[in-house]
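Note sheet for the following structure.
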Number of protein chains: 2
Amino acid sequence: MQLRRDDVVAGALAVLDDTGMDGLTMRKLAAHLGVQAGALYWHFPNKQALLEAMADKLVEGVDDDVVSGPWERQFTELAHRLRRALLAHRDGARVLAGTFVAEPNTLASGTLAMEILHRAGLPAREAGCIAFSVFHFILGHTIEEQAQAELAASGAWEAKRAALSEQSAQETGVRPLDAIMDVPPEERFAYGLTVFINGIRHQLTTGSGGS
Amino acid sequence: MQLRRDDVVAGALAVLDDTGMDGLTMRKLAAHLGVQAGALYWHFPNKQALLEAMADKLVEGVDDDVVSGPWERQFTELAHRLRRALLAHRDGARVLAGTFVAEPNTLASGTLAMEILHRAGLPAREAGCIAFSVFHFILGHTIEEQAQAELAASGAWEAKRAALSEQSAQETGVRPLDAIMDVPPEERFAYGLTVFINGIRHQLTTGSGGS
DNA sequence: ACCTGAACACCGTTCAAGT
DNA sequence: ACCTGAACACCGTTCAAGT
């Protein structure tokens with residue numbers, strides 16, 4: 001009957017899915033767990049610490065069983081897995097972005113990404129920079145994707161989309177804004193990732209040191 | 001003596017710099033402006049609308065006077081300008097990421113980025129995808145950069161950094177995490193951007209259509 | 001060790017009423 | 001048109017006291 005730390009994290013993710021990040025409240029979470037709000041502060045010092053535990057829980061398993069094969073394939077799979085992990089819970093990307101996470105799962109995935117690039121032939125420093133860059137790309141992309149989903153859920157998306165088209169109609173010429181709005185997020189993500197990976201390959205053949 | 005919309009936005013950015021995003025409160029902002037909290041709701045329907053106005057104010061001027069020259073130079077300058085604009089105010093990146101912004105300045109910069117790539121020879125659709133991708137990279141990178149700054153300001157950074165090193169010390173072999181932590185953010189950003197741009201160049205020479 | 005009850009110092013938002 | 005005063009329904013967090 002007693003609450004364990006992991007129960008609190010799991011409950012918090014459930015409440016997150018119900019209410020979104022702005023609706024996630026220590027009091028609502030306590031109610032969901034059948035407990036008084038103050039009880040949560042025995043398991044976590046404050047809300048921020050709980051959010052960090054949630055963030056690390058989100059990325060759990062992302063680094064499991066990476067396929068063997070060329071680095072491009074490994075790296076691509078890892079990136080898609082991280083994106084899917086963030087999409088698995090409402091506002092997941094915002095939770096991860098909320099603070100600088102230095103928990104076990106987050107570290108393990110980050111390290112793996114760097115190792116893949118290092119084994120491919122990049123010096124540690126460059127591998128690290130690029131792994132971070134791709135991480136930030138995924139984070140930013142997924143934040144926007146989920147922000148758009150929140151907007152759509154609240155019914156405000158159609159109005160915003162219309163305003164956007166009208167605005168861009170006043171621009172001259174190419175209007176690529178319209179061309180992009182209809183591309184599904186998954187496709188936009190995959191394409192951006194491909195471009196990045198092509199850049200990495202260029203770095204490998206041209207860079208300061210072949211291994 | 002009367003408050004205009006722009007005064008509220010300017011005041012909000014000032015309070016943001018003082019308190020950070022979590023400390024930015026309608027009541028504190030009202031006090032800063034010498035007004036009661038309810039008065040703000042004559043100028044903005046709610047806090048979210050104010051945050052969007054702040055976000056658009058942040059990116060004001062980012063698209064001014066782009067240098068002429070090769071697309072790489074134009075694109076790089078635009079990216080660095082956006083990053084600097086977000087860094088100019090505490091938690092600026094989080095403010096911009098908070099919602100899907102469809103305000104004039106944001107749109108203008110986005111459109112410019114796409115046009116630069118389109119003129120370089122990319123189809124509108126690809127130009128849009130890539131402009132978004134780089135935008136997301138900048139957003140994610142700057143969010144983390146500022147999150148780290150907040151941590152440092154609260155004194156929690158040193159402890160976290162130590163925990164991070166210890167964790168990664170238990171991993172075997174390469175430990176690129178340590179190699180990366182000391183690279184200054186500006187340098188990490190510039191390197192990641194370069195890799196991305198190399199990927200774009202690859203797309204231009206190989207892609208589905210030369211213009 | 002783990003939780004309740006109750007309080008403290010706040011929030012965003014609304015809205016009659018003022019000027 | 002623009003703002004005050006005062007309220008409503010919430011927050012995160014603390015802490016004695018219970019079991």
Side-chain angles (χ1 to χ4, degrees), chain A residues 1-55 90-91 94-95 97-99 101 147 150-151 153-156, chain B residues 1-55 90-91 94-95 97-99 101 147 150-151 153-156:
Chain A
M1 269 298 67
Q2 245 177 215
L3 224 48
R4 285 157 321 161
R5 209 186 126 97
D6 282 358
D7 300 327
V8 178
V9 175
L13 287 172
V15 175
L16 179 68
D17 285 333
D18 275 7
T19 64
M21 196 174 176
D22 293 333
L24 172 59
T25 274
M26 296 303 265
R27 291 168 123 101
K28 277 188 207 153
L29 171 56
H32 175 86
L33 295 169
V35 108
Q36 295 297 315
L40 301 175
Y41 290 82
W42 197 92
H43 299 277
F44 292 92
N46 49 50
K47 189 180 184 181
Q48 187 59 41
L50 172 59
L51 285 167
E52 286 175 36
M54 292 170 67
R90 187 169 166 187
D91 285 334
R94 260 173 82 197
V95 171
T99 190
V101 185
E150 291 292 307
L151 231 52
S154 76
Chain B
M1 272 297 64
Q2 246 176 215
L3 224 47
R4 283 155 323 161
R5 211 186 125 96
D6 282 359
D7 299 328
V8 178
V9 175
L13 287 173
V15 175
L16 180 69
D17 286 333
D18 274 8
T19 65
M21 197 177 177
D22 292 332
L24 173 58
T25 274
M26 296 303 265
R27 291 167 123 100
K28 276 188 207 152
L29 171 55
H32 175 86
L33 295 167
V35 108
Q36 295 296 315
L40 301 174
Y41 289 82
W42 199 91
H43 299 278
F44 292 92
N46 50 50
K47 190 181 183 179
Q48 187 59 42
L50 171 59
L51 285 167
E52 287 175 35
M54 290 168 69
R90 187 168 166 185
D91 284 333
R94 260 174 83 196
V95 170
T99 190
V101 185
E150 290 293 308
L151 230 55
S154 79

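Lettering follows sequence order; numbering is per chain, from 1. Side-chain atoms are counted along with the backbone in the values below, which use heavy atoms only and exclude waters and symmetry mates. In this text, all values refer to a predicted model and were calculated from it rather than measured experimentally.
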Return a single string for nucleotides 4-19 of chain D, one symbol per nucleotide in 5' to 3' order, where B is base contact, S is sugar-phosphate-only contact and - is none, cutoff 4.0 angstrom on heavy atoms. BS-B---BBBB-----
Check whether any side-chain heavy atom of F44(A) lies under 4.5 Å from a side-chain heavy atom of V9(A), and answer yes or no. yes
Once you round to the nearest 0.5 Å, how far does CG of L24(A) lie from CG of L51(A)? 6.5 Å
So what does the secondary structure string of DNA chain C come out as, 5' to 3', with Watson-Crick or wobble pairs under 3.5 angstrom, [ ] for crossing and | for pairs with another strand? ||.|||||...|||||.||
Output the distance between atom CE (M21(A)) and atom CG (L16(A)), rounded to the nearest 0.5 Å. 7.5 Å
Look at H43(B) and dC3(D) and indicate whether a side-chain polar atom (N or O) is within less than 4.0 Å of OP1 or OP2. yes
Taking R90(A)'s backbone N and O only, do any of them form a donor-acceptor pair with D17(A)'s side chain (distance below 3.5 Å, no angle check)? yes
Reported CG-to-CZ distance for the pair L40(B) and R5(B), which is rounded to 0.5 angstrom: 12.5 Å
For the atom pair CG (D18(A)) and NZ (K28(A)), what is the distance rounded to the nearest 0.5 Å? 9.5 Å
CD-CE distance between E52(A) and M54(A), expressed to the nearest 0.5 angstrom: 11.5 Å
Are D22(B) and R94(B) within salt-bridge range, i.e. N to O under 4.0 Å? yes
